[in-house]
Amino acid sequence: MRPFTTLRSKAVPLIQDNVDTDAIIPSREMKSVSKDGLADGLFAGWRYLDAAARIPDPDFVLNKPQYDGAQILLGGANFGCGSSREHAVWALAEYGFRAVIADGFSPIFRGNCVRNGLLPIVLDPRPLAGVDGELDIDLAAQTVRAGDAIWHFDIDAEGKMMLAEGLDPIALTLRLAAAIDAHERADRAAHAWAWNVLPEARR
Amino acid sequence: MSQQPRTLYEKVWHDHVVSRRDDGTSLIWIDRHLIHEVTTPQAFEGLRIAGRRLRRPDLTLAVPDHNVPTRDRRLPNPDPESTTQLAMLESNCAEFGVELIDIHAAEQGIVHVIGPEQGFTLPGLTIVCGDSHTATHGAFGALAFGIGTSEIEHVFATQTLLLRQAKTMEVRVTGTLGFSVTAKDVALAIIGRLGTAGGTGYVVEYTGEVIRDLSIEGRMTVCNMAIEGGARSGMVAPDEKTFAYLRGRPRAPTGARWDAAVAYWRTLPSDAGAAYDATLTIDGSEIAPQVTWGTSPEDVVPITGRVPAPDSFADAGKRDAALRSLAYMDLAPGTRLQDVAVENVFIGSCTNSRIEDLRAAAAVAKGRHIASNIRQALVVPGSGLVKRQAEAEGLDRIFTEAGFDWREPGCSMCLSMNPDRVPAGERCASTSNRNFVGRQGPGARTHLLSPAMAAAAAVTGRLTDVRELMG
């Protein structure tokens, strides 16, 4: 995963509440068995006049030429709610987004973001939507700047580390293999009933 | 030594902590991992690329559900991409030693229906699945929640997840439910009060007489929709009903292990005096049959109500959302919900496809016929075993004689990943869980309601107060 340090980019305003992951990527667009090739399906229900024929809707904000190449998306409250599909994050990242700034995020979506290099920032997006030009995001300093204006944001330590280091969380957890083994042994002894998973006929 | 009173959630959490980290997160042991075809291919691929093994295939159970056609299974799947996903699930399970309940097995069904049905779901366990409706299993007093694909891969490789302990919310539903008011109405009424993000950051424990009085199936319906209120998990304390439901299930413990399990499960309910970070109390006797009017599950009113005016919302964001919802739903403010005609009816999904749901719908359908304006009326059992049980009770004949389509188990019309869709511009009275824009098909307009209410809509051709039909 590509580490996140700083980002300078325009921001696309899509400031509405409860933008759900079905909207970010409709189920019909996520039949792939890989993480690639999902960008075309991003916001397919809103972005195209005819999704099947991929005819763009010129009125949808992502299709407006002034936002070409933007890597920051501005959202409202409860962004990414609904389905747990990580395809929503893969699609946003493949399309080119590296940060989403919103009033709030659904927790599953937020967890998917930090595991894929997409920085979720909780901030009021409205002042940022009015900025003429680019925004500067600095993850280490936890700031968003536009010229002299500066906004601070909070982020939990583990999410920040995953983004900043671009580390493989599985490799980090496997460092605790001894503790996992110990827990497993202790649990098998204390809760033997929880380890009968096969149907009785096949035990 | 006196211990501070603890909630159900805190007890389950505590017994699963592998390691606490300095940053406030904990590594949590996962007891059960349910998987399906849509969210796992990339996780298996990740294991392969990293050369990792799947740590506990014996605690993992696979079943295809999202993409499976609900018509005759012997016919080829019309969608090549679905076929690929389904084949990948089979080959990945074979490669990594995971048991698969395949598409032709009698036990196949929706992942959240088969887990409890097989006794794979048990109280006090941590249960995950790459699906946001995993909270369903919380009805047994398990800590169950949906995860993304990266987390699936993490569970595959380590049988753990890195989590931060959640805040706790008690949602207490007091009193008794009125005539023809069901668990689905309770779930929707809670979301209406809480809002779709009200539970964000919390694990919800549902308590109160109404929850105690619900069947296990009903508790599953309530917990299933925890995520629609923003909470990743919902839980109900296990009790005698829970134990009776599980005893003798194929994968439930037996003999001395069953006794040990029940003894442990009895220690799980929240202690008297345990503190919650937030509490919401709802008078169950005031809940009427519910129906949604908009494109978020919080857009819900009693069936006796009217479509609200966007101006009636104080919050600018909500006003804005209501305007967009009404345009998409093609509804005018002030319209009586009972005057809204529907062309499609869907009875099914992980929210409402269990035997009790089918019985409730059949009670309304019996001796009646779907209205002439209904183009599709699907009844989709949650599993092959539910289907078999329903057929043994003659429910299938009640439905087919009334003009409903009786299908094979799967997620079906809930999410339009398989051939079952609502055509653009048409309405659907649906027992599923999400009324999002395009959820049931591009341009589809969803009204969420209970199985009895869905059957009532089918026979009248419009959203209907089931109490008037059944009174």
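Heavy-atom basis, side chains included; hydrogens, waters and symmetry copies ignored. Residue numbers start from 1 in every chain, and the chains themselves are labelled A, B, ... in the order their sequence lines are given, proteins ahead of strands.
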- Query: How long is the gap from CG on A:D20 to CZ on B:F436, to the nearest 0.5 Å?
  - Reply: 4.0 Å
- Part of A:L176 within contact of chain B (heavy atom distance under 4.5 Å): side chain
- Message: Please give me the minimum heavy-atom distance between A:V197 and B:D58, naming the atom from each residue.
- Response: CG1-O, 3.2 Å
- Where on A:A88 is there a heavy atom nearer than 4.5 Å to chain B: the side chain, the backbone, both, or neither? neither
- Query: Tell me, side chain or backbone of B:R439 under 4.5 Å from chain A's heavy atoms, or both, or neither?
  - Reply: both
- Message: Quiz question: by atom type and distance under 3.5 Å, do the side chains of B:T39 and A:R85 form a donor-acceptor pair?
- Response: no
- For the pair B:D79 and A:R28, find out whether any cationic side-chain nitrogen is under 4.0 Å from an anionic carboxylate oxygen. no
- Query: Between the side chains of B:E45 and A:S34, does any donor sit under 3.5 Å from an acceptor?
  - Reply: no
- Item | B:S132 to A:S84 - nearest heavy-atom pair and separation | N-OG, 3.5 Å
- Query: With the threshold set at 4.0 Å, does a side-chain nitrogen-carboxylate oxygen contact exist between B:E151 and A:R115?
  - Reply: yes
- Task: Indicate yes or no: does B:R55 engage A:D181 in a salt bridge with an N to O separation below 4.0 Å.
- Result: yes
- Item | Reported OG-to-CG distance for the pair B:S296 and A:D17, which is rounded to 0.5 angstrom | 9.5 Å
- Message: Whether the side chain of B:R164 engages the backbone of A:D156 through a donor-acceptor N/O pair (distance < 3.5 Å, no angle test) should be reported.
- Response: no
- Task: Please flag which part of B:R249 lies under 4.5 Å from any non-hydrogen atom of chain A: side chain, backbone, both or neither.
- Result: neither
- Message: So for B:A252, is it side chain, backbone, both, or neither that comes closer than 4.5 Å to the heavy atoms of chain A?
- Response: backbone
- Query: Hey, does the side chain of A:S27 reach the backbone of B:L415 with a donor-acceptor pair shorter than 3.5 angstrom?
  - Reply: yes
- Side chain, backbone, both or neither: which part of A:A23 has a non-hydrogen atom closer than 4.5 Å to chain B? neither
- Search all heavy atoms of B:S82 against all heavy atoms of A:K31 and return the closest pair with its distance. OG-NZ, 3.1 Å
- Item | Ion pair check, A:E158 and B:R21, cut-off under 4.0 Å | no
- Assign the ring pair A:W193 / B:W265 to parallel, tilted or perpendicular, where the plane angle (0 to 90°) is split at 30° and 60°. perpendicular
- Task: Check whether B:N92 gets within reach of chain A through its side chain, its backbone, both or neither, counting any heavy atom under 4.5 Å.
- Result: neither
- Bottom line for B:Q118: the part with an atom under 4.5 Å from chain A's heavy atoms is neither
- Message: Closer than 3.5 angstrom, by distance alone: can the side chain of B:Q85 be matched with the main-chain N or O of A:V33 as a donor-acceptor pair?
- Response: no
- A:N78 and B:T196 side chains, donor-acceptor separation under 3.5 Å: yes
